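The structure presented is a predicted model; accordingly, all values stated were derived computationally and were not measured.
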Amino acid sequence: MPRKTLKERQGANPTDDNENRVRSVVDSIDGTEDPDDLMLRVLDALKESGKVPIEGKYYTFVYNPKTPNIRYDQNPLVAVTKVFNWGFKGLNFHWGEVHQYTWDEIAGGIYEVYADEIADLREIPFGNIRLNN
């Protein structure tokens, strides 16, 4: 059975369609997509923001940790809480808890997400929880 669109689930849009870069991704989901394919669609809708995040802002990126035998989210959606010389910490919306991310394990750049887009991004099942072995 196809997924309902965000509009059908909420009855109204939380942000203006003209300003929300990920709304079209949400509206096109049918429920059969792979998380990595969805992540590519999300990244295509956003703009790369460089390599270093700013505390208090939201980002998504591709993450491949070096630590063996840990569970991780390869496609995190994060509210950055603190930036360090080794990386940063942030609340991962897919996990619901704070995690740390090191610079060398971020594949490519980071993509800033606007606060008004968080609700829509949380509707997209692009989190990819994996075991690093």
Legend entry - Whether over 12 other heavy atoms sit under 6.0 Å from Tyr58 OH: no
Legend entry - Check against side-chain contact (heavy atoms from CB on, under 4.5 Å), Asn128 and Tyr72: CA-CA 8 Å; Asn128 190 357; Tyr72 69 100; over 6 Å; no
Inset, instruction - Could you point out which residue of Asp36, Thr60, Leu43, Val25 forms a side chain to side chain contact (heavy atoms under 4.5 Å, CB included) with Phe126? - result: Thr60
Legend entry - Partner of Tyr59 by side chain to side chain contact (heavy atoms under 4.5 Å, CB included), out of Ile54, Ile106, Leu77: Ile54
Legend entry - Transitive ILVMFWY side-chain link Ile118 to Val80, under 4.5 Å: no
Mind listing the closest non-hydrogen atom pair of [X] and [Y] along with its distance?
| X | Y | answer |
| --- | --- | --- |
| Ile129 | Asp73 | CD1-CB, 3.7 Å |
| Phe88 | Pro53 | CD2-CG, 3.6 Å |
| Pro35 | Gly127 | CB-O, 3.6 Å |
| Val52 | Ile110 | C-CD1, 3.6 Å |
| Asn132 | Pro65 | ND2-O, 2.9 Å |
| Pro76 | Asn92 | CB-ND2, 3.4 Å |

Inset, instruction - Evaluate side chain to side chain donor-acceptor pair (under 3.5 Å) for Ser24 paired with Arg41, printing each intermediate quantity in order. - result: CA-CA 10 Å; Ser24 63; Arg41 288 164 59 186; over 6 Å; no
Legend entry - Side chain Glu123, main chain Asp120, donor-acceptor under 3.5 Å: no
Inset, instruction - Please confirm whether the backbone N or O of Ala115 pairs with a side-chain atom of Lys57, one donor and one acceptor, at under 3.5 Å? - result: no
Legend entry - Tyr63 and Asn75: CA distance, side-chain angles, deciding distance, side chain to side chain donor-acceptor pair (under 3.5 Å) verdict: CA-CA 6 Å; Tyr63 193 72; Asn75 306 327; over 6 Å; no
Legend entry - Residues forming a side-chain hydrogen bond (donor to acceptor under 3.5 Å, both in side chains) with Glu105, sequence neighbours excluded: Thr102
Inset, instruction - Given salt bridge (charged side-chain N to carboxylate O under 4.0 Å, His left out), test Lys47 with Glu112 step by step and report yes or no. - result: CA-CA 7 Å; Lys47 180 181 174 190; Glu112 183 179 353; over 6 Å; no
